[in-house]
Amino acid sequence: MKTKILTGTHYMLGDHACAEGAIAAGCRFFAGYPITPSTEIAEWIARRLPKFGGVYIQMEDELASMAAIIGASCGGLKSMTATSGPGMSLMMENIGLAVMLEVPCVIVNVQRGAPSTGLPTLVGQGDVMQAKWGSHGDYEIVAYAPNSCQEMFDLTVEAFNTAEKYRIPVIILADEAVGHLREKVVIPDEKEIKIVEREKPDVSPEEYLPYKGDGNLVPKMALAGEGYFVHMTGLTHDERGYPDITGEAHERLVRRLIDKIQKNKEKIIKYEEIETDDAEILLVSYGITARSSLKAVQILRKEGIKAGLFRLITIWPFPYERIEELSRKVSKIIVPEINSGQIKGEVLKAIKSNLPVVGVNKLGGDLITPYEIIEKVKEK
Amino acid sequence: MKVEIKKEKEVKHHLSKWIREDRWPHIWCSGCGIGIAMSSMLYAFEELNLDPKEIAIVSGIGCSGRVAGYVKVDSYHTTHGRAIPFAIGLKIAKPNMKVIVFSGDGDLISIGGNHFIHAARRNFDLICICVNNFNYGMTGGQFGPTTPHEAITTTTPYGNFEYPFNLPYLAASAGATFVARWTVLHPYYLRQSIKKALRRKGFSFIEVISPCPTGFGRPNKIGEAIDEMKYYKEKSVIKNRVDPKEAELSFRGGNIIVGEFVEIEKPSYIEILKENLEKIKEV
């Protein structure tokens with residue numbers, strides 16, 4: 001009997017939901033290196049994936065894991081790795097390679113308190129900027145910030161689809177609290193899960209230009225062994241994939257890599273708005289902290305204070321335009337996050353007025369409570 | 001009698017089907033041995049009558065890493081030191097392809113050293129060709145983990161006081177099941193070893209000693225490119241089956257032991273993986 005994904009309602013760990021989401025999305029290769037608090041993803045995958053004919057390989061380190069998933073994706077396997085902050089740092093060079101080679105893959109970072117070894121078992125949201133700027137050079141990235149076990153499943157599926165659609169590495173920027181949370185997860189029937197596959201070339205090998213992004217800017221992808229004899233290089237390259245390290249070639253290539261995300265950002269960006277229609281105080285939050293923010297909004301509303309929540313689901317690309325629109329209707333923006341103010345900076349970038357933007361920031365590896373947020377809202 | 005002379009443009013090299021001719025000329029310096037190592041590999045493909053579709057080449061960074069871009073098969077020029085793990089992913093996705101890692105000593109043994117020993121330990125199905133020219137050629141001749149003791153490089157101006165790796169010994173002790181060393185002055189033997197590696201499973205490691213007249217020959221006063229070639233040729237002694245520990249590679253005065261040192265049968269990673277996947281499915 002064919003092994004099936006766990007359709008139905010489950011009481012599940014966030015990390016496990018992420019792993020099952022990957023399997024549901026068609027992931028058939030996972031290369032990783034164990035690190036707290038992401039390890040349960042690897043453990044779940046190691047147990048479940050072989051039953052689907054997929055391969056779990058525990059590499060010697062994170063650099064190898066990231067390189068391996070790119071290689072496997074070039075061979076046609078949907079691939080993923082999962083790690084936490086220190087491991088994410090080690091993956092950065094090859095995340096840049098995935099951007100440059102335009103190879104779809106998914107990287108999960110279950111964030112912990114940092115920098116360095118920091119707080120391995122405690123929550124943090126300090127890798128927001130690393131997700132966007134961690135690798136060298138100019139590029140755009142897509143990163144999702146799940147706030148529940150359900151989203152650990154759903155956004156993992158979404159991450160694979162986005163990766164395939166745009167030929168990009170996609171990051172799931174989870175946090176320890178969501179990864180280690182246990183709650184209800186509803187997994188739909190296999191047939192109901194929308195799966196996107198990368199587009200394959202429809203021309204002969206002689207006519208095929210592996211890096212020509214027509215129309216939607218995303219080139220079609222030939223796999224190893226199909227007779228297209230692709231050459232992929234991390235060097236700046238032309239449409240044939242051949243090294244061309246002129247300024248013009250670099251401008252053309254890097255501009256397209258940026259544009260394929262920037263020009264499609266309306267389709268990529270996801271957020272949730274709660275009680276923002278008449279809000280006077282706007283909370284901008286994400287991940288586990290968005291749950292405290294929601295509670296804060298509910299309490300404030302009961303007290304007659306018109307608060308609303310803007311929850312980021314994609315952190316990158318960032319919804320500057322929508323936040324700017326909302327900023328025109330409110331008197332204050334509060335940004336709770338478990339770091340020293342990384343997203344607060346983006347909110348400041350978004351708004352055009354001198355509206356007060358106040359961070360609620362914590363660095364101790366602890367969650368931000370609704371009351372700590374409320375306190376800031378009420379602060380004069 | 002009418003003699004028909006073939007027009008020059010119609011004459012094609014018999015290896016040209018393996019080359020991306022539109023990328024010619026290559027970047028290598030005159031006197032460099034990488035081209036010989038590459039053509040030995042292409043001859044091996046040709047003589048085994050391989051289909052280009054069944055071959056993939058993965059390389060890292062540096063002069064030897066450029067081979068991936070010149071050979072007309074699926075080829076991947078990746079990041080410094082990570083050719084082996086990239087190739088591992090590719091081979092798992094395409095187990096029927098012959099995946100060759102072609103890179104230099106700095107790439108595979110220094111920055112990629114950890115991946116190298118673990119791929120050997122796993123007896124992972126890769127053909128790993130390492131062009132060893134004793135220095136970081138492309139970066140401008142700095143020392144690396146294979147630079148001979150006392151050799152002069154741009155970053156060892158007073159002589160290298162470190163000791164180098166013996167690569168066949170390293171590969172064999174980590175678990176490689178086929179280990180050979182040749183110089184580019186042994187193209188026939190090199191080709192035979194590459195052919196052997198292409199026909200077998202598991203981790204095959206072939207070290208190819210190559211002159212680097214620009215980066216290594218000049219500061220060490222070896223002379224012209226041809227002199228470096230002659231030096232390696234004269235110092236080479238073929239000793240097949242010798243314990244890799246005894247496979248001497250000395251720079252001043254001593255010998256360069258070449259040959260096929262290790263050839264053992266042991267289930268490879270892909271074989272065990274397939275067996276395991278079958279077993280797990282049955283559970």
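Lettering of chains follows the sequences in order, A, B, ..., and the numbering in each one begins at 1.
Between the CD1 atom in B/I55 and the CD1 atom in B/I57 there is a gap of 7.0 Å [rounded to 0.5 Å]. A distance of 8.5 Å separates CG of A/L223 from SG of A/C74, quoted to the nearest 0.5 Å.
Contact of B/R122 with chain A is made through the side chain alone, with heavy-atom distances under 4.5 Å. With a threshold of 4.5 angstrom between heavy atoms, B/Y70 does not approach chain A through any atom at all. A/V230 touches chain B through backbone and side chain together, each having a heavy atom under 4.5 Å away. Neither the backbone nor the side chain of A/A31 comes within contact range of chain B; no heavy atoms are under 4.5 Å apart. Of the two parts of A/I69, neither the backbone nor the side chain holds a non-hydrogen atom closer than 4.5 Å to a non-hydrogen atom of chain B.
Counted within 6.0 Å of CD on A/E199, heavy atoms from surrounding residues, nucleotides or ligands total 12 or fewer; the atom is thus considered open.
Cation-pi geometry between A/R240 and A/Y211 is not met at under 6.0 angstrom from the ring centre and within 45 degrees of the axis. With A/Y139 as the aromatic partner, A/K132 meets the cation-pi criteria of under 6.0 angstrom to the ring centre and within 45 degrees of the ring axis. In this structure, B/R20 is not positioned above the aromatic face of B/W24 in the sense of NZ or CZ being under 6.0 Å from the six-membered ring centre and within 45° of the axis.
For the residue pair B/Y136 / B/D105, no side-chain donor-acceptor distance below 3.5 Å is found, with atom types taken as modelled.
Between chain A and the residues B/K91, B/E54, B/M97, B/H80, the most heavy-atom pairs under 4.5 angstrom are made by B/M97. Heavy-atom pairs under 4.5 Å with chain A peak, among B/L90, B/V58, B/D51, at B/L90. Top candidate by heavy-atom pairs under 4.5 Å with chain A, chosen from B/N114, B/L277, B/I117, B/V73, is B/V73. Taking B/P52, B/G89, B/G112 one by one and counting their heavy-atom pairs under 4.5 Å with chain A, the maximum is reached by B/G89. Most heavy-atom pairs under 4.5 Å with chain A: of the set B/R66, B/R82, B/R121, this distinction falls to B/R82. Contact tally against chain B (heavy-atom pairs below 4.5 Å) for A/F52, A/Y242, A/F29: the top residue is A/Y242.
Ionic pairing of A/E102 and A/K220 is not present here: no N-O contact between side-chain nitrogen and carboxylate oxygen is shorter than 4.0 angstrom.
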